[in-house]
Amino acid sequence: MSDKATLIIDGQKYDFDMITGTENERCIDIQSLRDTTGCITMDPGFANTGSCYSSITYVDGAKGILRYRGYPIEEIAEKASFVEAAYLILYGELPKADQLKAFSARLKEHAPIHTNLEHHFSGFPKSAPPMAILSAMLNLISCFHPEVLEVPTTGAEFDRTASLLLSKVRTIAAFAYRMASGKPINHPNPHLTYCGNFLHMMFSDPYQEYEVSPVVDRALNLFLVLHADHEQNCSTSTVRVVGSSRANLFSSVAAGVCALWGPLHGGANAAVIKMLEDIRQSGRPASYYIDRAKDKNDPFRLMGFGHRVYKNFDPRSIILKKQVYNLLEALKLDDQLLEIALQLEEATLKDDYFISRNLYPNVDFYSGILLRAIGIPLNMYTVMFAIGRMPGWIANWKELHDHKLRISRPRQIYTGSRARTFVPMTER
Ligand code: SDX
């Protein structure tokens, strides 16, 4: 393989270094392009643009491969808890028993939020979208931790800030749900697991402690593990862009929450359920919706299908589909939406529009059915995605600071007016 790429512009040759990644991904290093050629590249949506070097997650979209720090997602999903997976993503290695114990203790220690913060929840209207509350409260928390508004990326300070965010994101989510439902908040219980504590804060009532069933605890762990990181997706790239200005970790992940909110990204899990509900209520066949998704004049898209990187099955959707079956069976639940989802998937696998565009179910297609079975309300689905993605956001923010930090500042091609002189009001 050549270690050089040659560009010819107006008859002049320019050589650029080729970079090869761990898995032989190839890349043209164009860091000197503008200085040597005076040109920039154009790549709306950055589908062909590498923004960074990273050792956290590897995705092979053609083969449907996803690995966290080299471990296949299938193994992590089967064998690791979310806390173990979060530690692996943050620190690069699976935790030893004493490291896991210390990490879990930090998460327990940081679960409560300052009582002065609690009244902020009652300031939100009951209809406030939980993602707006989550982003706001993540920024608000930083006001109670002025010591971390600097850039703590090393040692104990990073460990503390990372654990604080990983733990409190759960508490904020649960408090937001309880306040919106007009129910008293449940303070964290340090004797419960990460997921058990979240379910307790969400669903315990004054006279009835929520009973965490092992099958639900397992399902929630799996959901969070599968969402823990996914290389340079929209929200993680947002965290990196914000962090590149040396903004603190709280404001960087709060920005990530906002990027995740969109229906093309993390908001898709709730959009899938709304779509499946519409199909169920309309009584129309799946083919009606498939035709709409194919119609260029119809803005309707098959939510939960397609992916910028996966041009094969998203391995997470395969794992989630299996887990949904197990969970519904264990809880003796029957969800008609699963039946509709299976019909849609089957129909697309035979339809050239989807096959020719490599449109397969992504992580969001089955994840909502799992959350429904657990009893999570629809408007909390993307919040659940954010809880899962927190380790990935934090690890990418840290990696940004561990490398030579450059502020993100893309260029553009200007297509506006040429220079012109100001027109006084009387002549406009
Ligand atoms: C996530 O990046 C990540 O890693 C994200 C994520 C993570 O873990 O962080 O994996 C999580 O966000 C998953 C994606 C969730 N979003 C959805 O399910 C929304 C529905 N899907 C899409 O809108 C779309 O597929 C995207 C946004 C996921 C990808 O968009 P791209 O790569 O920009 O692709 P595109 O919009 O250019 O589509 C290419 C073609 C187009 O048709 P043509 O112009 O070639 O004729 O495929 C069509 C699109 O119209 N197409 C769809 C479709 N998705 C793409 N047609 C119908 N239904 C769809 N869902």
Side-chain angles (χ1 to χ4, degrees), residues 43-51 54 56-61 64-68 73 77 85 89 131 223-240 253 256-276 279 286-320 341 344-345 347-349 351-368 381-382 384-393 395-396:
D43 187 22
F46 307 123
N48 306 286
T49 297
S51 62
S54 180
I56 303 169
T57 291
Y58 173 67
V59 177
D60 181 323
I65 291 173
L66 168 58
R67 297 184 196 132
Y68 294 159
I73 190 63
I89 286 171
M131 285 295 271
F223 173 93
L224 296 176
V225 165
L226 293 175
H227 287 78
D229 192 47
H230 209 245
E231 61 136 280
Q232 301 311 312
N233 58 85
C234 179
S235 52
T236 299
S237 298
T238 301
V239 170
R240 280 184 176 256
V253 297
V257 169
C258 297
L260 188 72
W261 192 348
L264 293 188
H265 191 14
N269 58 16
V272 167
I273 295 299
K274 289 176 192 150
M275 174 184 76
L276 296 175
I279 295 175
S287 56
Y288 170 79
Y289 292 88
I290 298 271
D291 292 342
R292 281 192 60 191
K294 290 156 59 174
D295 179 355
K296 288 298 162 213
N297 300 316
D298 188 331
F300 176 80
R301 283 204 157 179
L302 221 43
M303 299 313 276
F305 272 80
H307 198 278
R308 172 62 59 78
V309 178
Y310 287 119
K311 299 310 168 194
N312 195 320
F313 269 86
D314 179 335
R316 301 166 295 177
S317 74
I318 296 171
I319 297 167
L320 277 165
L344 280 176
E345 180 180 359
T348 58
L349 292 177
D351 188 305
D352 185 55
Y353 173 92
F354 294 89
I355 296 166
S356 62
R357 292 171 177 79
N358 300 306
L359 302 177
Y360 297 98
N362 58 47
V363 67
D364 294 304
F365 191 58
Y366 289 105
S367 58
Y381 284 15
T382 311
M384 297 308 294
F385 193 144
I387 296 173
R389 188 53 51 90
M390 191 57 78
W393 287 338
N396 275 272

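One-based numbering, in listed order, for ligands and for the atoms of each. Computed over heavy atoms, backbone and side chain alike; hydrogens, waters and symmetry mates excluded.
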Least distance between heavy atoms, Ile387 atom then Pro391 atom: O-CD, 3.9 Å
Short question: side chain of His265, backbone of Ser235 - any donor-acceptor pair under 3.5 Å?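 Pair found, side chain donor or acceptor close to backbone of Ser235.
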Please tell me whether Thr57 and Asp229 have a donor and an acceptor in their side chains that are separated by less than 3.5 angstrom.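 A donor-acceptor contact under 3.5 Å links the two side chains.
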Hey, what do you get for CE (Met275) to OH (Tyr289), rounding to the nearest 0.5 Å?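 One gets 9.5 Å once the value is rounded to the nearest 0.5 Å.
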What's the spacing between Glu345 CD and Ser317 OG if we round to 0.5 Å?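 With rounding to 0.5 Å, CD (Glu345) is 6.5 Å from OG (Ser317).
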Can you work out which protein residues put a heavy atom within less than 4.0 Å of ligand 1? His230, Asn233, Pro263, Leu264, His265, Ala268, Ala293, Lys296, Arg301, Leu302, Met303, Gly304, Phe305, Gly306, His307, Arg308, Arg316, Tyr353, Arg357, Leu359, Asn362, Asp364, Phe385, Arg389
Tell me whether the NZ or CZ atom of Arg357 lies within the 45° cone about the ring axis of Tyr353 and under 6.0 Å from its centre.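 Verdict for Tyr353: a cation-pi partner in Arg357.
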